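Okay, structure first, notes after.
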Amino acid sequence: MITLEDIKANKEVEALIKGSQKQLNAIGYTEHGHRHISIVSKRAGDILEKLGYPERTVELARIAGYIHDIGNCINRVDHAHSGAILAYDILKNMGMSIEEITEIIMAIGNHDEKSGNAVNDISAALILADKSDVHRDRVVNENLSTFGIHDRVNYAVTNANLIIDEKQRKIILDLSIDNKICPVLDYFEIFMERTMMSKLAAKYLKVWFELIINDTKLL
């Protein structure tokens with residue numbers, strides 16, 4: 001069976017990851033390279049593992065998390081859909097079963113808040129993992145005076161923990177935001193849609209989603 005380590009060793013996957021980051025650097029977008037995909041891969045797998053899912057489902061979630069953004073190599077617009085198509089060919093050529101491929105491309109094709117929904121367990125875990133990665137390390141622009149709202153909000157987040165409480169069936173996103181850089185309200189201005197998507201993804205997994213910012217529970 002294809003593993004995450006097999007995916008990491010695949011030269012096509014590596015080229016698409018590098019190409020995706022190159023394109024996003026060119027348009028001044030936040031980081032979507034190895035740092036981001038590694039965090040998303042680990043968190044997606046951790047969510048399902050702690051909730052008691054089978055080992056193979058956990059591994060598929062880690063794979064989906066690692067390759068979920070390769071569509072950015074084609075274009076940022078509709079990157080979830082193009083990424084799913086790219087993933088299909090790569091995974092098929094690697095010998096993965098069509099049943100497993102289907103689960104992964106469903107997740108990749110549904111991870112973007114503009115058009116996606118939690119449609120299987122892996123997609124729900126991927127959504128929660130992806131939307132939880134808000135942090136100043138994602139800001140590529142080094143000139144603070146030219147920050148747009150996305151750069152400013154991400155840069156203001158100094159700590160972002162995703163806590164999986166399997167006993168209370170809760171997933172908690174705990175953020176620390178520097179109010180000197182941007183007010184908390186700015187976070188909701190650009191992330192409200194993602195926050196609601198996370199809440200629905202948690203509901204799909206039959207768990208509760210909580211958002212805590214600066215030690216205050218907001219959701």
Side-chain angles (χ1 to χ4, degrees), residues 1-49 53-135 137-140 154 162 194 201:
M1 291 186 289
I2 304 302
T3 67
L4 176 59
E5 293 308 311
D6 294 326
I7 298 297
K8 289 182 176 180
N10 186 288
K11 292 182 179 179
E12 285 184 86
V13 171
E14 180 64 16
L16 289 169
I17 292 169
K18 290 181 177 178
S20 296
Q21 190 56 53
K22 181 179 180 180
Q23 178 156 198
L24 294 180
N25 285 344
I27 64 175
Y29 213 77
T30 50
E31 184 268 337
H32 284 70
H34 286 96
R35 177 207 159 277
H36 173 65
I37 62 175
S38 296
I39 288 173
V40 173
S41 174
K42 184 178 186 308
R43 288 181 178 177
D46 288 351
I47 288 168
L48 296 187
E49 183 176 47
Y53 281 80
E55 183 178 342
R56 186 57 185 166
T57 305
V58 171
E59 186 72 0
L60 294 180
R62 296 196 195 282
I63 291 171
Y66 195 79
I67 60 176
H68 78 284
D69 268 338
I70 58 175
N72 283 304
C73 189
I74 296 175
N75 198 297
R76 176 63 189 171
V77 177
D78 287 336
H79 74 283
H81 306 151
S82 54
I85 295 169
L86 289 170
Y88 174 85
D89 283 336
I90 292 170
L91 296 174
K92 183 179 179 182
N93 291 336
M94 291 180 72
M96 182 177 281
S97 71
I98 187 60
E99 291 80 12
E100 292 189 343
I101 292 174
T102 300
E103 292 296 304
I104 289 175
I105 63 174
M106 285 171 67
I108 295 174
N110 276 282
H111 83 270
D112 188 69
E113 65 273 10
K114 301 300 181 185
S115 60
N117 298 281
V119 293
N120 62 3
D121 297 328
I122 296 171
S123 68
L126 176 57
I127 288 167
L128 286 160
D130 184 41
K131 307 316 170 192
S132 70
D133 187 25
V134 186
H135 197 273
D137 287 348
R138 298 196 67 187
V139 179
V140 177
N154 274 280
L162 189 68
R194 300 180 193 185

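Predicted model only: the values in this text are computed from it and were never measured.
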Legend entry - Closest contact, heavy atoms only, Ile63 versus Ile7: CG2-CG1, 3.8 Å
Legend entry - Side-chain H-bond candidate by donor/acceptor type, Asn10 with Glu14, under 3.5 Å: no
Legend entry - Heavy-atom donor-acceptor pair, Ser20 side chain to Cys73 backbone, under 3.5 Å: yes
Inset, instruction - Report yes if some heavy atom in the side chain of Asn25 is under 4.5 Å from a heavy atom in the side chain of Gln21; otherwise report no. - result: yes
Legend entry - Sub-4.5 Å side-chain heavy-atom contact between Tyr88 and Ile104: no
Inset, instruction - Assess the side chains of Asp6 and Thr3: does a donor N or O sit below 3.5 Å from an acceptor N or O? - result: yes
Legend entry - Closest heavy-atom pair and its distance - Ser41, Tyr66: CB-N, 3.8 Å
Legend entry - Close side-chain approach of Gln23 and Arg76, heavy atoms under 4.5 Å: no
Legend entry - Heavy-atom closest contact (Ile122 atom, Ala64 atom, distance): CG2-CB, 3.9 Å
Inset, instruction - Take Ile47 and Leu162, measure what side chain to side chain contact (heavy atoms under 4.5 Å, CB included) needs, and give me the verdict at the end. - result: CA-CA 9 Å; Ile47 288 168; Leu162 189 68; 3.9 Å; yes
Inset, instruction - For side chain to side chain contact (heavy atoms under 4.5 Å, CB included), just list the numbers for Asp121 and Glu103, CA-CA rounded to whole Å, side-chain angles, deciding distance to a tenth of an Å, and then say yes or no. - result: CA-CA 9 Å; Asp121 297 328; Glu103 292 296 304; over 6 Å; no
Inset, instruction - Find the distance between CD1 (Ile98) and OG1 (Thr102) and round it off to the nearest 0.5 Å. - result: 4.0 Å
Legend entry - Backbone of Ser123 reached by a side-chain donor or acceptor of Asn110 within 3.5 Å: no
Inset, instruction - Report yes or no: does Ser38 contribute a side-chain atom to a donor-acceptor pair with the main-chain N or O of His34 at less than 3.5 Å? - result: yes
Legend entry - Closest heavy-atom pair and its distance - Met96, Ile101: O-CD1, 3.5 Å
Inset, instruction - Could you tell me if the ring centre of His135 sits under 6.0 Å from that of His36? - result: no
Inset, instruction - Keeping the roles fixed (side chain from Arg138, backbone from Glu31), state whether a donor-acceptor pair exists under 3.5 Å. - result: yes
Legend entry - Test log, rule side chain to side chain contact (heavy atoms under 4.5 Å, CB included), inputs Arg62 and Glu49: CA-CA 10 Å; Arg62 296 196 195 282; Glu49 183 176 47; 3.5 Å; yes
Legend entry - salt_bridge(Arg35, Asp133) N-O dist < 4.0 Å: yes
Inset, instruction - Would you check if Ile105 and Ile85 make a side-chain contact, meaning some heavy-atom pair closer than 4.5 Å? - result: no
Legend entry - Nearest atoms (heavy-atom pairs only) where Val140 meets Tyr29: CG2-O, 3.6 Å
Legend entry - Closest contact, heavy atoms only, Ile67 versus Ala87: CD1-CB, 3.8 Å
Inset, instruction - Please answer whether the main-chain N or O of Leu60 pairs with a side-chain N or O of Glu100 as donor and acceptor at a distance below 3.5 Å. - result: no
Inset, instruction - Supply the atom-to-atom distance His79 NE2 to Ile70 CD1, rounded to the nearest 0.5 angstrom. - result: 10.5 Å
Inset, instruction - Give me the one residue out of His111, Arg43, His32, Arg194 that meets side chain to side chain contact (heavy atoms under 4.5 Å, CB included) with Asp130. - result: His111
Inset, instruction - Look only at the side chain of Asn117 and the backbone of Val119, and say whether a donor-acceptor pair between them is shorter than 3.5 Å. - result: no
Inset, instruction - Nearest 0.5 Å please: distance from the CG atom of Asp69 over to the CG atom of Asp112. - result: 9.0 Å
